[in-house]
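Index from 1, following the sequence.
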Amino acid sequence: MNFDLTEEQRLFQQTLREFVDDEIVPVAVEWERSGRYPAEIVSSFKALGLFGMTVPEEYGGLSLDRVSFALVFEEIARGWMGVAGILGSHSLATWMVAQYGTASQKEEFLPGWASGERRTGIALTEPGAGTDLQGITTRAVRDGDHYVVTGTKTWITNARHADPLPVLVKTSAETPAHKGMSVLLIDQSDLQVSRDLPKLGYKGTETCEVVIDGALVPVERLLGGVEGRGLQQVLAALELGRINIAARAVGVAQCAYDAALTYSKERTAFGQPISEFQAVQLKLADMATEIQAARLMTYWAATRSEQGAVTGEAAMAKYFASEMALTTTMEAMRIHGGYGYSQEFVLERLYRDAPLMAIGEGTNDIQRMVIARALLKGTLKVGW
């Protein structure tokens, strides 16, 4: 059992850390507040090859191991969680096409996605269907060599840049519902962004509602070429997404802890740094312990994911890490006192960003159900 990163992973982490400290941290506060799109950061993502994280090398990607994949999201979220989302949705879609796409789909899309010349995302949620994906109403009706697609998707990251966008649709009314669900790769020109969703946090990336109004989608754009496999495909991608979310939560919490530790040494009260007070020390000890536990659980889930399906492990990591981020940002704000509530300090942004991790890629109540089912089936065990 080895708890250390490999030399290659450590060098990769150092490269990411320097990039975040040099290019993201200095602009995050101003750009997040102004709503400015981080085009320069996106260009750096391209230069670093990060759009190809989950793309095989034969198509120009990095084909990162899963721990390195987690490191990307941890480090970027430490600087600005919002911009990590640009890579998050993209990496799920590229993995899904690399895993399930036909040979022609891989050849057509993966090289451009890997370079960042083209980007993508994933469209699952609808105004009336979030956690219950089998309740979607977006329809794709076969008409000769095309599908006629009509529906609305919401909470879509990269909506204006996704080309094409993998969209979960119903290709038949077969029951049970999952047997009639498929994924279609729909061109940007067939997507209408109806509005940008106002958000508490997770700024820096667009989050939109998208309308598809009678789009004609060639049958060649059916992911994998076989109908009825869409739910299976997206649920597998969401397992990887939960590792991404867990790593983001660790990054946000690490930033909050770092800020609290530094502030506690600098702020004085009653003639001494507040770090000398036991109440503050206990908070710092709890935060540090929980962050490290979440980090190790995330890396464990990432490592296990390379060995096959990890429904329970990924759910555990996402659940624990995201709840930890909520607690840690709150405790870090308490250490800062009134300054933690001020926009002059980083804590208020971290506090606004943290809740998304408890919701995205499946709410934490759903994660607990996933964990319980895996335990009862015996696919997830506690202990050795």
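Remark: R195 engages E209 in a salt bridge, criterion side-chain N to carboxylate O under 4.0 Å. Between E331 and R334, at least one side-chain N (NZ, or NE/NH1/NH2) sits under 4.0 Å from a carboxylate O, which counts as a salt bridge. By the 4.0 Å N-to-carboxylate-O rule, R368 lies close enough to D365 to be salt-bridged with it. Salt bridge status for D353 with R248: absent, with no side-chain N to carboxylate O gap under 4.0 Å. Between R78 and E74, no side-chain nitrogen of the basic residue sits less than 4.0 Å from a carboxylate oxygen of the acidic one, so the salt-bridge criterion is not met. Ionic pairing of E306 and R66 is not present here: no N-O contact between side-chain nitrogen and carboxylate oxygen is shorter than 4.0 angstrom. Salt-bridge check for E75 with R17: passed, with a basic side-chain N closer than 4.0 Å to an acidic carboxylate O.
Clustering ILVMFWY residues whenever any of their side-chain heavy atoms sit less than 4.5 angstrom apart, transitively, puts V27 in the very cluster that holds F19.
Between V370 and Y319, the closest side-chain pair of non-hydrogen atoms is not below 4.5 Å.
N158 contributes atom CG, which lies 12.0 Å from atom CG of D163 (distance to the nearest 0.5 angstrom).
Of the possible polar contacts, one joining the T120 side chain to the P164 backbone as a donor-acceptor pair under 3.5 Å is found. Using modelled atom types, no side-chain atom of Q192 and backbone atom of V210 make a donor-acceptor pair closer than 3.5 Å. In this structure, the side chain of E206 engages the main chain of R160 through a donor-acceptor pair within 3.5 Å.
In plain terms, the two heavy atoms of F51 and G116 that are nearest each other are CD1-CA, 3.7 Å.
No more than 12 heavy atoms of other residues, nucleotides or ligands lie within 6.0 Å of CZ in R229, so this atom counts as exposed by the packing criterion.
The aromatic rings of H90 and W113 sit perpendicular to each other, their planes meeting at more than 60°, with 30° as the lower class boundary.
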